[in-house]
Q: 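Here it is, the structure, as structure tokens.
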Amino acid sequence: MHKKFDHEAIEKKWQKTWKENSIYDVSERDIAKEKEFVLVEWPYPSGNLHIGHWFAFAVVDIYVRARRMQGKQVLFPIGFDAFGLPAENAAIKHGLDPKAWTESNIAFMKTQLESMGNAFSWNMTASSIDPLYYKWTQWMFTEFFKKDIAYRGEGSVNWCPGCNTVIANEQVLGDGTCERSGDVIEKRQMEQWMLRITQYADRLIDDLDALDWPEPIKEAQRQWIGRSKGAEISFTLSTGDTLNVFTTRADTLFAATYVVLAPEHELVAKNKTLIQNWSEVENYIREASQKDDIIRTKAEKEKTGVKLEGITATNPATGKQIPVYIADYVLKSYGTGAIMAVPAHDERDFAFATKYNIEIQQVISGTEQLPFAHHGVLMNSAEFNGMDSEEAKGAIITKIGGTLRSTYRLRDWSIGRQRYWGVPIPIVYDPEGKPHSIPKEHLPWHLPTDVDFTPTGEPPLAKSAELKERVERIFGKGWTPEVETMDTFVDSSWYFLRYFDNSNNVEFSSLVKQKDWMPIDIYFGGAEHTTMHLLYSRFWQKALLDLGLTTFSEPYKRRINRGLVLGPDGNKMSKSKGNVIDPDIQVRSLGADTVKMYLAFMGPYGETTNYPWDMGGIAGIRRFLERVYGLSEHVISADSAETEQLFTKTIVKVSADISAYKFNTAISALMILLNHIEKHGVSNASYEIFLRLLAPFAPHLTEELWSVQYKDTTIHESAWPTPNTLLPDEEVITLSVQINGKMRGTVLVSPRATEQEVVAIIQNDHVLKSKLEGEIVKVIYVPKRIINIILHTPP
RNA sequence: GCCGGAGUGGCGGAAUUGGUAUACGCGCACGACUCAAAAUCGUGUGUCGCAAGACUUAUGGGUUCAAGUCCCAUCUCCGGCACCA
């Protein structure tokens with residue numbers, strides 16, 4: 001047998017050589033080449049690389065290396081999203097310095113990342129905690145503040161008791177718990193720093209159409225934004241107030257037999273002297289406010305509410321006086337916080353009206369069964385009778401003077417965090433308490449270090465004497481600092497713009513460099529970011545566009561969401577389950593190439609399927625690479641025609657599969673080729689082609705084998721193999737034979753054979769001819785594919 | 001409830017987009033090498049059947065010369081949204 005495949009020595013050796021020669025650094029944009037910006041989500045430096053990082057980065061490296069060999073100038077940067085709670089929690093628990101803790105994590109993770117052997121553009125890295133990075137995060141915030149994209153507003157916010165901070169809507173999971181800590185979120189009324197993402201709702205939805213993204217991701221964003229197109233209609237109350245309601249069913253206005261306000265609606269408290277049953281109403285409001293949203297929306301469908309005695313509303317279509325209710329099934333935060341209720345054509349209104357004995361009037365014909373929530377033809381609607389719902393919407397709105405409007409599920413993005421380890425919000429308050437942005441010359445606005453991390457519910461920065469002193473020194477007596485820091489999703493909303501201009505100290509990212517590299521050609525990442533990071537950064541880009549700071553309205557041309565690597569038991573990896581696979585251990589025993597290739601072989605990348613780790617499976621990949629290591633023993637003087645043909649096929653297949661992120665089938669094609677070579681031998685030229693095809697998958701091993709013949713070049717700068725198009729058609733092919741639609745066997749024929757010739761061959765085939773008993777009624781012949789012979793069979 | 005996606009061997013998964021279902025890998029069985037084991041190599045491996053053969057891509061229908069692939073209905077799993085007017 002051949003010498004031992006010493007992956008450890010090989011991998012160390014080439015990683016060192018690559019690093020010394022900086023072969024993966026990306027210099028100035030080279031116009032002679034097409035560019036490709038491949039982005040992966042920058043990791044949080046938790047201090048240990050887990051298998052998920054390998055799945056996220058090492059598999060993508062296959063794509064990157066193939067593109068490089070295909071002559072593209074590829075930008076494949078990596079950096080660190082290094083602000084965030086874990087550092088602060090380490091400070092609280094173990095008295096460590098968050099900065100030192102994070103920096104040592106980064107240093108260690110860098111060495112782990114290097115052990116992957118990826119073609120990272122290390123000269124174009126960035127880190128969110130670098131003051132030269134967060135200077136620009138702060139500067140963009142101040143620009144947003146000046147343009148009123150950032151504002152301070154009072155509102156209902158999500159308070160996480162575990163994290164001791166406010167979090168954004170997107171960071172609350174479906175079951176009402178915190179995305180980070182898992183704690184149940186409380187609703188609080190607070191002043192908050194917000195970004196006006198809702199102003200971009202239409203563009204965030206409409207611009208999705210042009211993106212080359214998987215449809216499910218686009219659809220999830222559309223649903224999250226939740227646009228519904230409808231109309232705002234005014235009802236006049238007997239108090240003299242105008243009540244605006246939002247409806248998507250203006251066509252049912254004639255059936256609006258009551259209106260409902262959210263308990264918190266301002267017109268309720270405003271008219272308390274006119275409400276005859278005020279104490280009952282007040283009670284109901286208090287009860288409603290004590291239920292948090294989770295209980296309020298999960299509360300079984302039983303509807304509750306109170307009629308406002310002494311107040312009525314006028315239906316603008318019928319002129320009738322209708323009752324006014326408050327009920328907590330109407331939400332203050334959605335639409336106008338009030339609805340026109342149409343019990344005949346809305347399930348919720350129907351349930352409520354039935355319970356409280358309110359009139360039910362049908363206006364959509366075609367059923368006896370109410371509620372009927374579908375569209376149809378109008379009845380009981382005066383001059384609109386006989387009109388179709390869709391048409392009637394417009395006609396009725398026009399007649400009663402309503403306005404077309406969209407309303408959204410999306411809320412503004414709350415970005416203030418009552419925590420320490422983040423970007424300080426660059427705002428100071430004057431003695432009157434009015435906020436002012438910090439001028440550019442004072443940026444970066446440094447994060448103070450003289451703080452006490454003990455959680456008290458008060459933001460840690462409030463305890464910094466240095467910060468107070470700094471503000472008074474610069475701005476004057478009586479001025480006070482903002483003490484909140486930013487959501488880390490702010491840091492990651494623009495990081496990709498910094499990578500390729502990471503030493504620019506005049507701009508966050510120059511327009512020239514942006515033109516060189518943007519947009520991102522392909523962004524690989526986790527499905528969990530669909531309605532968080534992916535939405536935030538799209539918004540950020542559009543805000544920059546409006547400020548003239550970029551010319552791109554969308555950052556990501558293509559996006560691929562990947563799945564998860566599960567433990568060998570099929571469960572999500574977790575310390576408590578004891579099913580965690582440590583990549584360092586795998587790399588030590590089997591090699592980086594093996595781990596990377598195994599992850600790529602598990603299944604198609606780019607589907608959000610979750611794959612269990614299989615110890616046997618990775619051993620199979622290791623066996624494959626060991627056989628490759630000894631492959632030179634099979635080099636012979638020339639290839640057979642069959643071998644040449646298989647090479648052509650494999651080159652086409654592997655190239656296409658990599659472009660489609662189907663690394664699993666690309667690997668399978670390489671395995672088939674190896675199996676063939678070991679049996680039949682391979683010419684030296686083809687052996688090199690094999691190595692080049694494998695190079696993106698097993699960069700260290702192939703570099704080692706390449707170096708045996710080419711001392712001074714690297715395989716990773718060699719050209720990607722192209723198929724030999726001059727190969728003749730195969731002389732004979734195997735054609736499948738069906739008789740009466742059933743597979744009966746195969747025959748060997750020329751690819752150019754005629755139907756008659758093929759039928760004659762089948763009639764002479766010892767096995768097949770016995771099945772051809774009867775008159776041939778019809779023959780379907782698809783050259784190179786199949787022949788189907790239909791016989792007349794007597795009854 | 002609404003909107004997506006998916007159901008293929010013992011397992012991960014293939015299938016030129018309507019043309020030999022189960023590629024490739026794992027696992028398993030047998031054999032070779034070995035005192036023995038591991039490793040390695042070879043052979044076999046959808047199900048039933050001694051065989052000829054029949055059946056088989058969640059289930060039931062349909063279209064077609066031909067269906068894993070297209071159409072209709074049903075079931076199950078995963079993800080998103082959900083008292084959103």
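Excluded from the calculations below are hydrogen atoms, water molecules and symmetry mates; all remaining heavy atoms, backbone and side chain alike, are included. Here is the naming used below: chain letters follow the sequence lines, and residue numbers restart at 1 for every chain.
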Q: For rG1(B), give the paired nucleotide (Watson-Crick: N1-N3 plus N6-O4 or O6-N4; G-U: N1-O2 and O6-N3; both under 3.5 Å), or none.
A: rC81(B)
Q: Between rA6(B) and rA15(B), how far apart are the P atoms? Round to whole Å, please.
A: 14 Å
Q: Expressed in angstrom and rounded to an integer, what is the separation of Leu625(A) atom CG from rU40(B) atom P?
A: 13 Å
Q: With rounding to the closest Å, how many angstrom separate the P atoms on rA51(B) and rG7(B)?
A: 33 Å
Q: Roughly how many Å is it from NE2 in His529(A) to P in rG79(B), rounded to a whole number?
A: 17 Å
Q: Syn versus anti for rG9(B), judged by chi lying within 90° of 0?
A: syn
Q: Relative to the 5' end of RNA chain B, which residue comes earlier, Thr407(A) or Ala619(A), by the nucleotide with the nearest heavy atom?
A: Ala619(A)
Q: Provide the distance between the two C1' atoms, one in rA32(B) and one in rC78(B), to the nearest whole Å.
A: 47 Å
Q: Please determine, by modelled atom types, if Ser406(A) and Asp202(A) share a side-chain donor-acceptor pair under 3.5 angstrom.
A: no
Q: Which one is paired to rA21(B), where only Watson-Crick or G-U wobble pairs with both distances under 3.5 angstrom count?
A: none
Q: Report which part of the nucleic acid Ile672(A) touches: base, sugar-phosphate, or nothing (heavy-atom distance under 4.0 Å, all strands).
A: sugar-phosphate
Q: Measure from CG on Asp346(A) to C1' on rG1(B) and round the result to the nearest Å.
A: 13 Å
Q: Rounding to the closest angstrom, what is the interatomic distance between rG19(B) and rA66(B) at atom P?
A: 15 Å
Q: From CE of Met743(A) over to P of rG53(B), roughly how many Å is that when rounded to an integer?
A: 14 Å
Q: Does Asn675(A) have a side-chain nitrogen or oxygen under 4.0 Å from the phosphate oxygens OP1 or OP2 of rG25(B)?
A: yes
Q: Return the pairing partner of rC50(B) with a 3.5 Å limit on both distances, Watson-Crick or G-U wobble; otherwise return none.
A: none
Q: What interatomic distance, in whole Å, is found between C1' of rU16(B) and the corresponding atom of rC84(B)?
A: 47 Å
Q: Would the Phe647(A) and Phe690(A) ring centres measure less than 6.0 Å apart?
A: no
Q: Is the Tyr258(A) to Tyr356(A) ring centre distance short of 6.0 Å?
A: no
Q: Sort out the partner of rA58(B) for me: Watson-Crick or G-U wobble, both distances under 3.5 Å, none otherwise.
A: rU74(B)
Q: Report the C-alpha separation of Tyr325(A) and Phe352(A) in whole Å, then their side-chain angles, then the decisive distance to 0.1 Å, and conclude whether the ring-ring contact (aromatic ring centres under 6.0 Å, His included) test is met.
A: CA-CA 10 Å; Tyr325(A) 284 80; Phe352(A) 191 82; 5.3 Å; yes
Q: For Asn579(A) and Asn571(A), test the side chains for any donor-to-acceptor distance below 3.5 angstrom and give the result as yes or no.
A: no
Q: For the residue pair Asn788(A) / Tyr781(A), report whether a side-chain donor-acceptor contact shorter than 3.5 Å exists.
A: no
Q: For Lys662(A), report the nucleic acid contact type (base, sugar-phosphate, nothing); a contact means any heavy atom under 4.0 Å.
A: sugar-phosphate
Q: Check whether any side-chain N or O of Ser228(A) sits under 4.0 Å from OP1 or OP2 of rA85(B), and answer yes or no.
A: yes
Q: Counting only Watson-Crick pairs (N1-N3 plus N6-O4 or O6-N4) and G-U wobbles (N1-O2, O6-N3), all under 3.5 Å, who is the partner of rA67(B)?
A: none
Q: Counting just side-chain N and O atoms, does Arg623(A) come under 4.0 Å of either OP1 or OP2 of rA39(B)?
A: no
Q: Would the Phe663(A) and Phe601(A) ring centres measure less than 6.0 Å apart?
A: no
Q: Roughly how many Å apart are rA14(B) and rC28(B), using the P atom of each and rounding to a whole number?
A: 23 Å
Q: Any side-chain N or O of Lys742(A) below 4.0 angstrom from OP1/OP2 of rC55(B)?
A: yes
Q: Would you mind reading off the distance between Lys784(A) atom NZ and rU20(B) atom P, rounded to a whole angstrom?
A: 16 Å
Q: Check whether any side-chain nitrogen or oxygen of Arg785(A) sits under 4.0 Å from OP1 or OP2 of rU16(B), and answer yes or no.
A: no
Q: So, OP1 or OP2 of rC84(B): does either fall under 4.0 Å of a side-chain N or O from Arg348(A)?
A: yes
Q: By the rule that syn is within 90° of 0, classify the base conformation of rU74(B) as syn or anti.
A: anti
Q: Glu179(A): what forms a salt bridge (Lys or Arg N to Asp or Glu O under 4.0 Å) with it, not counting sequence neighbours?
A: none
Q: Measuring from the side chain of Asn788(A) (C-beta onward, heavy atoms only), which nucleotide among rU40(B), rC81(B), rC65(B) has the closest atom?
A: rC65(B)
Q: Without hydrogens or angle criteria, can the side chains of Glu41(A) and His533(A) be said to hold a donor-acceptor pair below 3.5 Å?
A: no
Q: What is the distance, to the nearest angstrom, from the CZ atom on Arg405(A) to the C1' atom on rC84(B)?
A: 12 Å
Q: Asp328(A) side chain: which of rC24(B), rC83(B), rA66(B) is closest?
A: rC83(B)
Q: Measure CG/Leu735(A) against P/rG19(B) and give the value in whole Å, please.
A: 14 Å
Q: With a 3.5 angstrom cut-off on both distances, give the Watson-Crick or G-U wobble partner of rA32(B), or none if there isn't one.
A: rU40(B)
Q: When you compare rG60(B) with rU76(B), how far apart are their C1' atoms, in angstrom units rounded to a whole number?
A: 15 Å
Q: Which nucleotide, if any, forms a Watson-Crick or G-U wobble pair with rG27(B), using both distances under 3.5 Å?
A: rU45(B)
Q: Would you mind telling me which residue lines up with the more 5' stretch of RNA chain B, Asp657(A) or Ser668(A), judged by nearest nucleotide?
A: Asp657(A)
Q: Using whole Å, report how far CZ of Phe246(A) lies from C1' of rA85(B).
A: 8 Å
Q: Look at all strands and tell whether Thr746(A) reaches a base, only sugar-phosphate, or nothing, counting heavy atoms closer than 4.0 Å.
A: base
Q: Taking only the C1' atom of each, what is the distance from rA85(B) to rG4(B) in whole angstrom?
A: 24 Å
Q: For nucleotides 2-13 of chain B, give me one character per nucleotide, 5' to 3': B if any protein heavy atom sits under 4.0 Å from the base, S if the only such contacts are to the sugar-phosphate, - if neither.
A: -BS-------BS
Q: Counting any heavy atom closer than 4.0 Å, what does Arg744(A) reach on the DNA or RNA strands: base, sugar-phosphate only, or nothing?
A: sugar-phosphate
Q: Examine Trp613(A) together with Tyr598(A) and report whether their ring centres are nearer than 6.0 Å.
A: yes
Q: Any strand counts, and the cut-off is 3.5 Å on both contacts for Watson-Crick or G-U wobble. Which nucleotide pairs with rA14(B)?
A: none
Q: Do the ring centers of Phe5(A) and Tyr629(A) come within less than 6.0 Å of each other?
A: yes
Q: Base, sugar-phosphate, or nothing for Gly226(A), non-hydrogen atoms under 4.0 angstrom?
A: nothing
Q: Nearest to the Ala220(A) side chain among rC24(B), rG19(B), rG80(B), which nucleotide is it?
A: rG80(B)
